[in-house]
Amino acid sequence: MSISTVNARTVRTAVAGVTLMAATLTLAACNNDDAGGVKRSGSAESSAAADTGSDSKGGDKQDTTAGGGADAGAQEGGKNGSGGKIGTCDPSKVTMTASKVSRPINHLLLEATNNSGVTCDLPGFPALRFDDAQAATPVIEESKPQAVVSLAPGKSGYAGILTSSADGSGSEGTKVSELSVYLEGKDSATSVSLPGGSVYIDSSAKVTYWQSESANALD
């Protein structure tokens, strides 16, 4: 074998080795790029999940939080909503009586007792109509309380009725035998028996606002 033949074979072997090494390096680089790409992609997805509030199970934390807030609001509304509002007493569930008092003179005490099973309000003052009077008895404005009178079941509210002037200065005096009482905001009247069957009234007749205490109604 000649020296030139040996040299040619050696060169070919060296070239083949270099080519194989280059291919190996290229493949390794590609694999590293793929691995790096997967890793970067995973980081991006994690970052996106953090930004959108998604958890590892695919749930949306923001939606869950919003739902919790809505539930809490609904529960709060159930406690403080219109269902908890106190309404005006139902005339059909209120017992009213009128009694004569010794002091002050020419006065009646009107008592309204809540017979329902819930607390209710006695707003304003009772609208009184004696017999077939054309207008309701005027109210004593100075008697207005600071707050509306609320009645728990079985409790009573009171109003004082001045029937006639003590000094006789009133006019158009007459005896009446019927008394109808209207609660503010209600159309139906409650018929109330008068003590002794009748009372004397004149143009001085007035009524107080509803009071929580009988003493305040007669003050």
Side-chain angles (χ1 to χ4, degrees), residues 80-219:
N80 303 318
S82 59
K85 184 178 180 181
I86 299 177
T88 300
C89 294
D90 183 344
S92 66
K93 297 179 181 179
V94 174
T95 299
M96 294 193 191
T97 59
S99 56
K100 190 173 182 179
V101 296
S102 57
R103 297 288 181 193
I105 63 173
N106 300 341
H107 273 72
L108 299 177
L109 178 65
L110 180 65
E111 179 178 359
T113 303
N114 178 15
N115 293 323
S116 72
V118 297
T119 298
C120 60
D121 285 342
L122 284 178
F125 57 90
L128 308 182
R129 181 160 293 177
F130 289 100
D131 285 352
D132 56 355
Q134 298 300 309
T137 302
V139 65
I140 302 173
E141 289 294 344
E142 307 87 77
S143 66
K144 187 174 183 179
Q146 293 183 345
V148 173
V149 174
S150 292
L151 301 181
K155 296 300 182 179
S156 299
Y158 307 88
I161 303 172
L162 170 64
T163 56
S164 59
S165 61
D167 58 6
S169 59
S171 59
E172 303 173 1
T174 184
K175 270 193 173 184
V176 294
S177 58
E178 295 179 1
L179 171 60
S180 298
V181 180
Y182 294 83
L183 296 182
E184 187 176 294
K186 301 295 183 180
D187 295 329
S188 59
T190 300
S191 180
V192 180
S193 299
L194 293 171
S198 64
V199 296
Y200 177 84
I201 65 170
D202 64 19
S203 59
S204 302
K206 291 183 179 181
V207 63
T208 68
Y209 280 83
W210 288 111
Q211 310 290 330
S212 57
E213 302 291 338
S214 60
N216 294 336
L218 299 172
D219 187 6

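The model shown is predicted, which means the values in this text are computed figures rather than measured ones. FYI, the numbering just counts along the sequence from 1.
- Counting only heavy atoms from C-beta outward, the side chains of V148 and L122 never approach each other to under 4.5 Å.
- Atom NZ of K100 sits about 14.0 Å away from atom CG of L109, to the nearest 0.5 Å.
- Within the structure, ring pair (Phe, Tyr, Trp, His ring centres under 6.0 Å) pairs that include any residue of residues 145-190 do not occur (at least two apart or interchain).
- Among residue pairs with one or both ends in residues 108-181, those qualifying as disulfide bond (SG atoms under 2.5 Å apart) are C89-C120; sequence neighbours excluded.
- Note that the CG atom of D219 and the OG1 atom of T208 stand 10.0 Å from one another [nearest 0.5 Å].
- Nearest heavy atom pair, residue A189 against residue S180, reads CB-CB, 4.2 Å.
- Not counting sequence neighbours, the partners of N115 by the side chain to side chain donor-acceptor pair (under 3.5 Å) test are T95.
- Remark: S156 pairs with E111, T113 by the side chain to side chain donor-acceptor pair (under 3.5 Å) rule, at least two apart or across chains.
- K206 NZ: 12 or fewer foreign heavy atoms inside a 6.0 Å radius.
- Every side chain to side chain donor-acceptor pair (under 3.5 Å) that S116 has, sequence neighbours left out, goes to N114.
- In this structure, Q211 contributes its side chain and S143 its backbone to a donor-acceptor pair below 3.5 Å.
- Atom OG of S191 sits about 11.0 Å away from atom CE of M96, to the nearest 0.5 Å.
- Applying the disulfide bond (SG atoms under 2.5 Å apart) test to pairs two or more places apart or on separate chains, none has a residue in residues 181-219.
- Listed by first and then second residue, the side-chain hydrogen bond (donor to acceptor under 3.5 Å, both in side chains) pairs involving residues 118-138 are D121-S150 (not counting sequence neighbours).
- P126 pairs in a side-chain contact (heavy atoms from CB on, under 4.5 Å) with only one of the listed residues (V139, L183, V207), which is V207.
- Under the ring pair (Phe, Tyr, Trp, His ring centres under 6.0 Å) criterion, the residue pairs touching residues 197-219 are F125-Y209, with sequence neighbours excluded.
- Judged as a disulfide bond (SG atoms under 2.5 Å apart), not a single pair has a partner in residues 158-219 (not counting sequence neighbours).
- For N216, there are no side chain to side chain donor-acceptor pair (under 3.5 Å) partners at least two apart in sequence or on another chain.
- Contact annotation: the side chain of S188 approaches that of P91 to within less than 4.5 Å [non-hydrogen atoms, C-beta and beyond].
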Tabulate below the donor-acceptor pairs under 3.5 Å that side-chain atoms of residues 161-172 make, not counting sequence neighbours, or state none.
from	atom 1	to	atom 2	distance (Å)
T163	OG1	N106	O	3.0
S165	OG	G168	N	3.4
S165	OG	S169	N	3.0
S165	OG	G170	N	2.9
D167	OD1	S169	N	3.0
D167	OD1	S169	OG	2.7
S171	OG	S203	OG	3.1

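- Applying the ring pair (Phe, Tyr, Trp, His ring centres under 6.0 Å) test to pairs two or more places apart or on separate chains, none has a residue in residues 132-155.
- Distance check, rounded to the nearest 0.5 Å: CZ of F130 to CG of L179 gives 5.0 Å.
- For the pair L218 and R103, the tightest heavy-atom approach, listed with the atom from each and the gap, is CD1-O, 4.2 Å.
- A heavy-atom distance below 4.5 Å is not found between the side chains of L108 and V101.
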